[in-house]
Structures are given as structure tokens and as C-alpha cells.
Amino acid sequence: MQYQIPKGLFDILPYGVEHTWQLSERWQYVEQIMRKVAHDYSLKEVRTPVFERTELFQRGVGETTDIVSKEMYTFLDKADRSMSLRPEGTASLMRAFIEHNLANISSFHKFYYIGPMFRYERPQAGRYRHHHQFGIEIIGNPSFEQDVETIDLLMELYRRLGLKNISLHINSVGDFETRNNYRKALQDYIRPFLPQLSVESQERFEKNPLRILDSKGEEDIPIVAKAPSILDFLSPTAKLHFDNVLHLLTLLSIPYTINPKLVRGLDYYTHTVFEVQGQSKGAQCALGGGGRYDNLLETFGGPNLSGVGFGTGIERILQSMDEEKISFPNINSPFVYIAPLEESAREMAIQMGFELRHHAIPTEIELQSKKIQKALQHANKLHASFIAILGSEEMEKKKI
Ligand code: HAM
């Protein structure tokens with residue numbers, strides 16, 4: 001029997017993969033830039049486990065969301081407790097924040113994470129059952145400036161990676177008062193069309209009507225197009241917050257498009273929500289998305305501290321970089337490639353090579369082939385900066 005990787009999953013290898021975005025060196029490069037950007041904005045790394053108690057995501061992400069109701073990998077552990085592979089990173093971070101009483105250390109925190117997430121989605125290009133996110137979460141600053149700093153970090157990441165064909169879409173889902181008023185208005189508007197809507201949207205009508213705005217159902221799109229805009233229902237506080245965000249984005253020359261239909265697929269958002277879209281069409285075009293979530297920590301029984309953050313998919317970033325024909329540096333190449341020309345040079349090659357490595361100089365020693373042509377080809381393939389050829393003359397003069 002030949003084993004095959006389950007559907008919707010993929011391997012990341014140094015070579016031999018089907019698509020260039022699966023090359024491990026590319027992943028390392030992108031992750032390096034992510035860590036550097038995070039560091040430049042004073043963020044600290046968090047690593048939480050890949051699975052948690054199922055209730056955490058039900059409570060945090062929302063029971064009626066697709067992510068929780070349809071896409072979670074849920075299983076019973078040996079003590080019959082329901083566990084789920086994390087579909088996203090925010091809920092776990094909130095759990096860790098509360099569990100470790102981090103609010104006692106400070107009332108302001110800036111975190112980032114890089115890691116795998118799991119969603120049982122219908123696999124297609126850009127959508128996998130196992131994907132990777134770089135995410136950030138800023139806790140304890142309710143100001144609009146924090147929203148803009150969060151957005152700026154995401155845009156700066158894409159800029160450093162060389163991505164150009166991207167656009168920032170932004171909306172406000174307001175505060176509790178806003179959503180309460182809007183929910184009623186939206187339901188009033190939709191009610192007469194209810195029988196025409198997709199089954200999915202009909203199901204959402206009572207429990208989570210805002211998600212209908214996000215529907216991709218063909219029968220829903222023309223109806224949703226004429227729906228009232230949430231922006232006309234913003235409470236004075238919510239309107240001020242959103243206007244300030246837009247003003248600061250303009251001041252910083254960060255272009256944006258206001259999209260009153262942008263609600264995102266997770267329930268915890270308040271005020272600002274945003275998505276950065278790439279070129280490809282459809283659901284997969286979101287390179288990254290996030291927003292403010294001022295009540296999430298309290299929902300989990302934690303302190304009354306606000307939050308704002310985003311998640312961006314590493315697969316989609318790498319694929320967009322390919323589409324934009326962005327070249328990648330060879331970050332894993334040896335600096336020196338030592339090629340002994342004859343049997344007697346092997347000892348010296350090894351001594352030299354090991355010595356260089358002990359001085360942290362990336363070095364490869366050719367011990368397979370005795371043919372210089374082959375060695376040169378190999379060195380070339382590895383993108384070595386220098387080739388040191390060891391022949392009898394070099395050995396005699398002890399010079400290379
Ligand atoms: P999300 O929009 O669900 O947000 O996911 C963030 C990003 O992860 C997406 O924009 C996309 O690039 C990538 N992504 C999601 N699902 C898949 C998939 N099946 N295959 C490939 N890539 C995928 C969140 O997860 C929130 N936790 C973001 C956040 C953090 N909001 C506030 N803080």
C-alpha cells in the first residue's frame with residue numbers, strides 16, 4: 001500500500017514539490033520577514049497548542065459561524081473530552097492571556113504568532129484543510145490609532161515581500177448598539193425576500209443575519225446588493241471611531257476601499273474590520289483579514305481589555321508572490337563550497353570545511369564526486385557564493 005497525504009493538505013520540502021510555493025526555503029524567507037516586521041513593531045511571540053477544548057472556539061469564534069459549525073476538526077480524547085484542532089489563533093491566545101494572568105503584568109500587550117490552523121473546507125487553490133497564519137493581537141488599547149497601526153503592520157509586511165497588486169477593504173461593524181439596530185433593519189429588509197434566499201442564508205436569518213451580507217450564493221447577491229448599509233446605523237461613538245481610523249489612514253497615505261458588506265466570518269468583531277485582497281477571484285482572494293474585538297476577553301471571563309489583530313495566510317502570500325513573479329533570495333545557500341580534486345585532498349577539505357562551519361560560515365564539502373565538472377554543477381545548483389577547489393598545488397602550498 002502506498003500512503004498518500006490526505007486531501008486538502010500539502011508537504012513543504014526543499015525540492016521535488018508540485019508547486020514552487022511549497023519550497024521550504026521560501027517559507028523560511030517569508031517567515032523571517034514576518035518575524036522582522038513583528039520585531040520592528042515591538043511585538044512578542046506567542047506559541048499556543050494546536051488543539052484546545054472545543055468550547056473555546058464555540059464561545060470565541062461563534063457557534064453559528066461556518067468555521068465552528070462546519071469546519072472544525074473535532075474529536076473526543078481518551079477521557080471523552082471534546083477537543084478541536086485550532087481553526088484560528090485569536091481564541092487560543094485569549095485563553096492563554098487569561099490563564100497566565102498577563103493583565104497583572106501590564107495592561108497593554110503586543111503579540112504575534114506563526115503556525116498551522118485547521119479547517120475542514122472544500123479544498124481548492126488557496127484553500128486548504130491545513131493552512132498557516134502569521135497573526136498579531138494587540139491587547140489593551142481601544143484607540144483608533146491602534147487599529148491603524150495594526151493595518152499598517154500588515155501592509156508593511158506585504159510591502160517588504162514585494163506584493164503590489166493588493167487592496168485594503170475596510171468597514172465598521174460598530175458597537176453593540178450599532179449591531180442591535182442594524183440587525184433589526186437588515187432583517188426587516190430581507191424578510192420579504194426570505195423564500196428566494198439560499199438555504200444557508202435562510203438558516204442565518206434568525207441566528208446571524210449579518211453573515212448573509214457575506215453570502216456567495218448567486219440567488220443572494222442581487223438581494224444583498226440593495227440591503228441597508230451598516231454604516232448608516234453606526235452609533236455616535238462607533239462613527240467617531242471609524243471616521244478617525246479613515247482619517248489617519250488617509251494621513252498616512254494608506255489607500256483603502258470602504259466596503260459596508262464586509263462582515264468577516266468570525267463573530268468576535270466590533271468596530272473596525274478589514275481584509276486585504278489579492279488579485280485572484282473568489283473566496284480565496286483574501287490574503288489577510290482582521291479587526292477589533294473589544295469584548296472577547298470578557299466573553300471568556302477575562303479582564304475588560306480591548307483587542308485588535310489580524311491573520312494572514314502564508315500559502316496565499318506565497319502564491320500571490322508567484323503570481324506577481326516576485327523573486328526569492330537563496331537564503332540557504334552555502335557561502336563556501338569545497339571541492340577536493342583528488343583522493344588525497346579529501347582530508348584537507350574536511351578539515352577546512354569543518355573549521356569554517358565551526359566559525360558559523362555555511363559550507364558544503366563535495367565528497368561524492370571526483371569529477372570537477374560535476375562538483376561545479378552542484379555548487380552552482382546550491383548557489384554557493386565561493387568555490388574552493390583543492391588540488392595537489394593547493395595542498396602543497398597550503399593555500400587555496
Ligand atoms: P480569517 O480571515 O479567518 O481570520 O483567516 C485569516 C487568513 O488566513 C485569511 O485571510 C487567509 O489568508 C488565511 N486562511 C484562512 N482559511 C484558509 C484556508 N482554508 N486555506 C488557506 N488559507 C486560509 C482569522 O483567522 C482571525 N483569527 C484573524 C484575526 C486575528 N482577527 C483578529 N485577530
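Counting convention: from 1, in listed order, for ligands and their atoms alike. None of these values were measured; they are calculated from a predicted model.
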Atoms in ligand 1 flagged as close to Glu88, the criterion being non-hydrogen separation under 4.0 Å: 25 (O), 26 (C), 27 (N)
Regarding Gln58 and Glu55, do their side chains bring together a donor and an acceptor under 3.5 Å, going by distance alone? no
In this structure, atom 23 (C) of ligand 1 is nearest to the protein heavy atom His131 CD2, 3.3 Å
Return the set of residues passing salt bridge (Lys or Arg N to Asp or Glu O under 4.0 Å) with Glu396 (not counting sequence neighbours), or none when no residue passes. none
Note: heavy atom closest to atom 11 (C) of ligand 1, options Arg316, Glu275, Arg127, belongs to Arg316
Return yes if a side-chain donor-acceptor contact under 3.5 Å exists between Thr270 and Asp175, otherwise no. no
Is it true that Arg264 lies under 4.0 Å from ligand 1, counting heavy atoms only? yes
Could you check atom 21 (C) of ligand 1 against the protein and tell me its nearest heavy-atom contact, residue, atom and distance included? Gly126 O, 3.2 Å
Protein residue, atom and distance nearest to atom 19 (N) of ligand 1, heavy-atom basis: Glu121 OE2, 2.6 Å
Listed partners of His131 passing side-chain hydrogen bond (donor to acceptor under 3.5 Å, both in side chains), at least two apart: Gln133
What protein heavy atom lies closest to atom 33 (N) of ligand 1? Include the residue and the distance to one decimal. Glu137 OE1, 2.8 Å
Compare Gly89, Ser320, Ala286, Gly309 and give the one whose heavy atom is closest to atom 9 (C) of ligand 1. Ala286
Tell me, with the steps shown, if Asp11 and Gln22 meet side chain to side chain donor-acceptor pair (under 3.5 Å). CA-CA 7 Å; Asp11 293 309; Gln22 290 170 262; over 6 Å; no
Only one of Arg211, Lys70, Lys207 passes salt bridge (Lys or Arg N to Asp or Glu O under 4.0 Å) with Glu200; say which it is. Lys70
Between the candidates Pro87, Gly311, Ser92, which shows the shortest non-hydrogen contact distance to atom 6 (C) of ligand 1? Gly311
If you count the non-hydrogen atoms of other residues, nucleotides and ligands that lie under 6.0 Å from CZ in Phe386, is the total more than 12? no
Has Gly288 got any heavy atom lying under 4.0 angstrom from an atom of ligand 1? yes
Those atoms of ligand 1 less than 4.0 Å from some heavy atom in Tyr268: 26 (C), 27 (N), 29 (C), 31 (N)
Under 3.5 Å side-chain donor-acceptor pair for His378 and Tyr337: yes
